[in-house]
Protein chains: 2
Amino acid sequence: MSQFDNVSIIKKANIYFDGKVSSRTVLFADGSKKTLGLMAPGEYTFGTEAAELMEILAGSVQVKLPGADSWQTVAAGESFNVPANSSFDIQVETLTDYCCSYL
Amino acid sequence: MSQFDNVSIIKKANIYFDGKVSSRTVLFADGSKKTLGLMAPGEYTFGTEAAELMEILAGSVQVKLPGADSWQTVAAGESFNVPANSSFDIQVETLTDYCCSYL
């Protein structure tokens with residue numbers, strides 16, 4: 001699916017790490033929420049409140065999930081899950097386009 | 001208005017200048033289109049096909065419009081129009097959040 005239909009989008013961007021990471025919030029009719037975002041190359045740590053599904057739309061990242069000892073590669077077309085109330089480390093190798101679903 | 005309702009959003013980001021400028025395309029029920037984008041500090045030249053209304057949501061820019069001799073400051077809450085089939089120069093001083101309407 002290349003687009004989300006019948007949604008609302010918050011005009012104001014979400015900005016993190018001085019703009020190296022940014023996203024737009026998309027609100028769905030069923031009350032669920034996703035963000036569509038971009039990550040510039042770099043290394044970041046994100047905290048979660050709700051559980052998250054991170055889908056990589058373009059680009060490639062290395063991710064270290066809670067409790068993991070090693071990094072895993074997640075490329076375009078792949079995704080990873082992050083438990084609620086936790087955090088994950090991410091190394092962004094190339095400009096990466098992502099969709100985050102709040103579960 | 002802080003959000004757009006009953007719209008579609010293209011998942012894939014529009015990327016320009018190696019990611020220094022990026023946007024998401026928002027499609028409206030009446031067939032019109034807008035983009036919500038971010039510009040990192042820098043100087044850029046954009047060409048237009050359709051006429052455009054550029055609204056600065058956050059940040060500040062200097063713009064030189066077609067036929068203009070001088071730069072004008074456009075800050076958050078302000079906007080500028082660009083004719084169809086032309087181009088404009090923009091100096092972005094701080095990370096700038098914008099909404100572009102295609103007229």
Side-chain angles (χ1 to χ4, degrees), chain A residues 1-42 44 53-61 75-79 90-102, chain B residues 1-42 44 52-61 75-79 90 92-102:
Chain A
M1 180 193 5
S2 64
Q3 67 185 53
F4 296 127
D5 295 318
N6 193 29
V7 295
S8 296
I9 182 162
I10 307 291
K11 287 172 68 173
K12 191 173 182 304
N14 309 306
I15 307 287
Y16 311 95
F17 303 102
D18 298 326
K20 289 181 132 182
V21 178
S22 63
S23 66
R24 303 280 168 178
T25 301
V26 183
L27 305 173
F28 290 72
D30 64 4
S32 63
K33 178 181 93 167
K34 297 179 191 289
T35 52
L36 289 169
L38 280 171
M39 295 183 278
Y44 314 102
L53 167 66
M54 281 282 287
E55 298 169 82
I56 303 303
L57 305 178
S60 178
V61 299
E78 300 174 343
S79 62
I90 190 163
Q91 293 174 344
V92 180
E93 296 158 348
T94 57
L95 182 67
T96 292
D97 193 359
Y98 70 88
C99 178
C100 179
S101 301
Y102 298 81
Chain B
M1 181 192 3
S2 65
Q3 67 185 52
F4 296 128
D5 295 318
N6 193 29
V7 295
S8 295
I9 182 163
I10 308 291
K11 288 172 67 172
K12 190 174 183 302
N14 309 307
I15 308 286
Y16 310 96
F17 302 103
D18 297 328
K20 289 181 133 185
V21 178
S22 63
S23 67
R24 302 279 169 179
T25 301
V26 183
L27 305 173
F28 290 72
D30 64 4
S32 62
K33 177 180 93 165
K34 297 179 191 289
T35 52
L36 289 169
L38 280 172
M39 295 183 279
Y44 313 103
E52 296 179 9
L53 167 66
M54 281 282 288
E55 298 169 83
I56 304 302
L57 305 178
S60 177
V61 299
E78 300 174 343
S79 62
I90 190 163
V92 179
E93 296 158 348
T94 57
L95 182 67
T96 292
D97 193 358
Y98 71 88
C99 178
C100 179
S101 301
Y102 299 82

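Residue numbers start from 1 in every chain, and the chains themselves are labelled A, B, ... in the order their sequence lines are given, proteins ahead of strands.
Within the 4.5 angstrom heavy-atom criterion, no atom of A:Ala40 approaches chain B. Looking at A:Val7, the atoms closer than 4.5 Å to chain B (heavy atoms on both sides) sit in the backbone and in the side chain alike.
For the residue pair A:Ile90 and A:Met39, the shortest heavy atom distance occurs at CD1-CE, 3.7 Å. For A:Ile10 against B:Leu36, the heavy-atom pair with the smallest separation is O-CD1, 4.1 Å.
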Self-check item: Candidate pair A:Leu38 and A:Val21, rule side chain to side chain contact (heavy atoms under 4.5 Å, CB included), full reasoning
Solution: CA-CA 6 Å; A:Leu38 280 171; A:Val21 178; over 6 Å; no
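When each of A:Ala58, A:Gly37, A:Cys99 is checked for heavy-atom pairs under 4.5 Å with chain B, A:Gly37 comes out on top. Ranked by heavy-atom pairs shorter than 4.5 Å toward chain B, the options A:Leu95, A:Ile9, A:Ile15 are led by A:Ile9. Considering only heavy-atom pairs separated by less than 4.5 Å from chain A, the leading option among B:Ala29, B:Ala13, B:Gly19 is B:Ala13.
Residue pairs satisfying the ring pair (Phe, Tyr, Trp, His ring centres under 6.0 Å) criterion with at least one member in residues 20-42 of chain A, sequence neighbours excluded, are listed as follows: A:Phe4-A:Phe28.
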Looking only at N and O atoms, which donor-acceptor pairs between chain B and chain A are within less than 3.5 angstrom?
residue: B:Met1; atom: O; partner: A:Lys11; partner atom: NZ; Å: 3.4
residue: B:Ser2; atom: O; partner: A:Lys11; partner atom: N; Å: 2.9
residue: B:Phe4; atom: N; partner: A:Ile9; partner atom: O; Å: 2.9
residue: B:Phe4; atom: O; partner: A:Ile9; partner atom: N; Å: 2.8
residue: B:Asp5; atom: OD1; partner: A:Ser8; partner atom: OG; Å: 2.5
residue: B:Asn6; atom: N; partner: A:Val7; partner atom: O; Å: 3.0
residue: B:Val7; atom: N; partner: A:Val7; partner atom: O; Å: 2.9
residue: B:Val7; atom: O; partner: A:Asn6; partner atom: N; Å: 3.0
residue: B:Val7; atom: O; partner: A:Val7; partner atom: N; Å: 2.9
residue: B:Ser8; atom: OG; partner: A:Asp5; partner atom: OD1; Å: 2.5
residue: B:Ile9; atom: N; partner: A:Phe4; partner atom: O; Å: 2.8
residue: B:Ile9; atom: O; partner: A:Phe4; partner atom: N; Å: 2.9
residue: B:Lys11; atom: N; partner: A:Ser2; partner atom: O; Å: 2.9
residue: B:Lys11; atom: NZ; partner: A:Met1; partner atom: O; Å: 3.4
residue: B:Ala13; atom: N; partner: A:Asp97; partner atom: OD2; Å: 2.8
residue: B:Arg24; atom: NH1; partner: A:Asp97; partner atom: OD1; Å: 2.9
residue: B:Arg24; atom: NH2; partner: A:Gly37; partner atom: O; Å: 2.9
residue: B:Arg24; atom: NH2; partner: A:Asp97; partner atom: OD1; Å: 2.7
residue: B:Gly37; atom: O; partner: A:Arg24; partner atom: NH2; Å: 2.9
residue: B:Asp97; atom: OD1; partner: A:Arg24; partner atom: NH1; Å: 2.9
residue: B:Asp97; atom: OD1; partner: A:Arg24; partner atom: NH2; Å: 2.7
residue: B:Asp97; atom: OD2; partner: A:Ala13; partner atom: N; Å: 2.8

